[in-house]
Amino acid sequence: MRDADLSATLLAWYDRHARVMPWRVGPAARAEGVRPDPYAVWLSEIMLQQTTVAAVRDYFRTFVTRWPTVADLAAAEDGDVMAAWAGLGYYARARNLLKCARAVVDRHGGAFPADPDALRALPGIGPYTAAAVSAIAFDLPETVVDGNVERVIARLRDIHTPLPKAKAELTALAADLTPEVRPGDYAQAVMDLGATVCTPRNPACGLCPWRDGCAGRLAGSHVDLPKKAPKKKKPTRLGIAYVARRVDGALLLERRPDKGLLGGTLGWPCSAWDDAPQEDPPIAAEWKDAGAEARHTFTHFHLRLAVRTALVPMDRAPARGTFIEAGAFDPKDLPTLMRKVHALA
DNA sequence: AACTCGTGGCC
DNA sequence: TGGCCAAGAGT
């Protein structure tokens, strides 16, 4: 198949199989002239970075309900946005989300730019998201390259170079296929194809609109593509978390520094996380072992966090952290690791 | 270029 | 259970 035929075939497939998502304007509505809200497109694309559609849905609805426009978000309190993001992971996204919203208001008068280079200059927007917003929100012929596209193109063209080395080549091949007509629908179509048909395991080649033009399938190598560089084994780190309850029910919490792991999130004061953690309680008290440890796996290490609890009197000041009144505390405002600690305490 | 940065679902 | 994977970006 010629490239133009491939893109046309995929668009026809998308017209029949486009998935319904809260942030998406489907092909039928788009054909009627309905245009996506660039704010909604941007917000969804940030949330979808390395995150599944199922995990994003409720967070997206919560955000657009609470902050309907980029100006509303720009005016939000940092702590409110971090709390609303809690549980979704990769918290630098939440910090950059606010920076970006404020930059759009300050530098662009509250309207997202359509130009990918202008988008790329905003916090939290990289090559993928710049292309996605430009294509999906403004229907410009930009090429999106995410994990789905890498897989689909590696199979379609039977590329055996391992990622991430193959990235540039796959990007060029993907760009060759990007049509001038309906580029926004096309961008979503390739990603939908990867998410629902050309899946990492057990791809449904029988349902694929590109099966006849797929070099990987012809060679029988498609299931092993894309090749990836081997991964390192994750070490295990140990730590101690301290849950102090004041006699009035207030809980001692600490906001982590903006940089680093769980940056900017609220959590329980902890010891350092390493091979042999030292006790480092945030307040003088009679600490008791909760008898169970919180286990959590991050991107590059496993963590086992021992939990200590204590009841402290009203007049005792903590060395670090802040007491939050019982009525103002919601464990859902904490990242998942810290929710696990709360559940154990 | 390689490393850091979350979480949940799947098999 | 444990490794893999998901609409990546920043450093």
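A, B, ... follow the sequence lines: proteins, then strands. Residue 1 opens every chain.
Contact check on A:Arg157 versus A:Asp3 returns a salt bridge, with a Lys/Arg side-chain nitrogen under 4.0 Å from an Asp/Glu carboxylate oxygen. Taking a cutoff of 4.0 Å between a charged side-chain nitrogen and a carboxylate oxygen, A:Glu293 and A:Arg295 qualify as a salt bridge.
Only the P atoms considered, B:dC3 is 24 Å distant from C:dA7, to the nearest whole Å. The gap from the C1' atom of C:dC4 to that of B:dG6 amounts to 15 Å, rounded to the nearest Å.
One donor-acceptor pair, N or O on each side, does fall under 3.5 Å between the base of C:dA7 and the side chain of A:Arg19. A donor-acceptor contact under 3.5 Å links the side chain of A:Thr299 to the base of B:dG6. Side-chain to base pairing of A:Thr336 with B:dG8: no donor and acceptor N or O lie closer than 3.5 Å to each other. With hydrogens and angles ignored, no donor-acceptor pair closer than 3.5 Å exists between the side chain of A:Tyr128 and the base of C:dG8.
Residue A:Pro164 is the one, among A:Leu88 and A:Pro164, whose nearest nucleotide of DNA chain B lies closer to the 5' end (criterion: closest heavy atom). When each of A:Lys259 and A:Ser44 is assigned the nucleotide of DNA chain C with its nearest heavy atom, A:Ser44 is the one assigned upstream, toward the 5' end. Nearest-nucleotide positions on DNA chain C place A:Thr52 closer to the 5' end than the other of A:Arg120 and A:Thr52. Summary of the strand contacts: A:Lys232 and A:Leu261 both lie near DNA chain B, and taking for each the nucleotide with the nearest heavy atom, the more 5' one is attributed to A:Lys232.
Residue A:His302 contributes atom NE2, which lies 14 Å from atom P of B:dT4 at whole-angstrom precision. The distance between atom OH of A:Tyr59 and atom P of B:dG8, rounded to the nearest whole Å, is 8 Å. Following rounding to the nearest Å, A:Leu48 (CG) and B:dT7 (P) show an atom-to-atom distance of 17 Å. In this entry the distance linking CZ of A:Phe301 with C1' of B:dC5 reads 10 Å, nearest Å. Put simply, CZ on A:Arg57 is 14 Å from P on B:dG9, counting in whole angstrom units. Atom CD of A:Gln50 and atom P of C:dC5 are 12 Å apart (whole Å). At whole-Å resolution of the value, CD1 in A:Ile125 and C1' in C:dA7 are 14 Å apart. If you take CZ of A:Phe298 and P of C:dG2, they are 17 Å apart, rounded to a whole angstrom.
Side-chain proximity of A:Lys228 to the nucleotides B:dG6, C:dG10, C:dA6 is greatest for C:dA6. With B:dT7, C:dC5, B:dC5 as the candidates, the nucleotide lying closest to the side chain of A:Lys231 is C:dC5. For A:Arg151, whose side chain is taken as the heavy atoms from C-beta onward, the closest listed nucleotide among B:dC5, C:dG3, C:dA6 is C:dA6.
A:Gly87 comes within 4.0 angstrom of sugar-phosphate atoms only, judged by non-hydrogen atoms across all strands, and of no base. Note on A:Met21: a base of the nucleic acid sits closer than 4.0 angstrom, heavy atoms only. Nucleic acid contact class of A:Arg24 (heavy atoms, under 4.0 Å, all strands): base.
OP1 or OP2 of C:dG2 has not a single side-chain nitrogen or oxygen of A:Lys234 nearer than 4.0 Å. Under 4.0 angstrom from either OP1 or OP2 of B:dC3 there lies no side-chain N or O belonging to A:His300.
Side chain of A:Arg237 to backbone of A:Phe301: no donor-acceptor contact under 3.5 angstrom is found.
Using a 3.5 Å distance cut-off with no hydrogens or angles, the side chains of A:Arg93 and A:Gln49 do not pair a donor with an acceptor.
Taking the six-membered ring for Trp and thresholds of 30 and 60 degrees, A:His342 and A:Trp268 have nearly parallel ring planes, at less than 30 degrees apart.
A:Ser271 and A:Asp280 make their closest contact through CA-CB, 4.2 Å (heavy atoms, listed as atom of the first residue, atom of the second, distance).
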